[in-house]
Amino acid sequence: MYINKVKKKHRASELIRKNQEKFKCPVCSEPMYLNNFYSLTCSSNHCFDISRKGYLNLLTSAYSIVYSKELFEARHKVCDKKFYDPLIDEISKIIHKYKRSTGGEKELDILDAGCGEGSHLYSLSQRISGDLKCNMFGADISKEGINIASNNSSDIIWTVADLTRLPFENRSFDVILNILSPANYLEFERILADEGIIIKVVPGQLYLKELREAIYKNKNYSNDKVVDYFTSKLEVVYVQNINYTFSIDEELLPFLIKMTPLTWGENIKGINSSHEIDISSITLDLTILVGKRK
Ligand SMILES: C[S@@+](CC[C@H](N)C(=O)[O-])C[C@H]1O[C@@H](n2cnc3c(N)ncnc32)[C@H](O)[C@@H]1O
Ligand SMILES: [Zn+2]
């Protein structure tokens, strides 16, 4: 166990060293470099240690918790059952196509902004790292999420960071993923390479509709505002809707209920157990938006 942690930290340190020029100090915005092998430091000596599990905590202040450890564990369990696989397959195709269009030999730098417990980026790494050379970064404001993400033995740099103030240099990423998470387009454009793309995934009207109906009793949902905002900020180069149903067994149902954000709030608290919800399959309805600088 101890040896594994040492190996993990060592591997993380090597990856961070290879990519150290992409980081900027979250306190003073100066460039950062790897000091004494296990900490990232700027010229003003602001210092961030690599954790035992190999991730970097680059937050400079505490934030109020919206997503609990329980929620991330439930999302992890649900993702493990290949719940989002059709989505990840499509994102993988988009990235391959993008890479072909750029033609170059340069390694792709990919950031998942708001990566949560990391399953999507990990699944993506399994699909693309074999045939595409890339450097992958996950960033989330939740330490609970990144702590789970860093359990995977993958070559991904996991960071606790605020996507409204990302600790990365200008124009340092070719692809920014933003899956079911808040966005900050000013920051995304700042760190996006000139010809880079932003891949945003938003829930469609029918996303988890069986669960919504059980909890909200037919409350409607529209993603129009989020899509309009994306369109106002970026040139949309591709849009794709993905719609499928997924079978839910008794074992998975409680995790599906728990993985929904607390913003579903009060209504969910009234449901004391999964026996009060009778769902055998659930609808996934997702929209992938791909944009680049206007
Ligand atoms: C609904 S979860 C989605 C997580 C993951 N992309 C997924 O699909 O499973 C939204 C995520 O956004 C993260 N988040 C919210 N505000 C953030 C911020 N300012 N900076 C970074 N992450 C943020 C939350 O911590 C949470 O992990
Ligand atoms: Zn600094």
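Counting convention: from 1, in listed order, for ligands and their atoms alike. Quick caveat, the model's predicted, so the values are computed rather than measured.
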Can you name the atoms of ligand 1, numbered from 1 with element, that are less than 4.0 Å from a heavy atom of [X]?
{"X": "S181", "value": "3 (C), 4 (C), 6 (N), 10 (C), 11 (C), 12 (O)"}
{"X": "H120", "value": "7 (C), 8 (O), 9 (O)"}
{"X": "Y67", "value": "1 (C), 2 (S), 10 (C), 24 (C), 25 (O), 26 (C)"}
{"X": "S142", "value": "25 (O)"}
{"X": "D162", "value": "18 (C), 19 (N), 20 (N)"}
{"X": "P182", "value": "12 (O), 15 (C), 16 (N)"}

May I ask you to check whether Y229 and Y185 place their ring centres under 6.0 Å from each other?
-> yes

What part of [X] sits under 4.0 Å from ligand 1 if we count only heavy atoms: the side chain, the backbone, both or neither?
{"X": "F72", "answer": "side chain"}
{"X": "C79", "answer": "neither"}
{"X": "A161", "answer": "backbone"}

Might you point out which heavy atoms bring T164 and E187 nearest each other, and give the distance in Å?
-> O-CG, 3.3 Å

If you draw a sphere of radius 2.8 Å around the Zn ion (ligand 2), how many protein N/O/S atoms end up strictly inside it?
-> 4

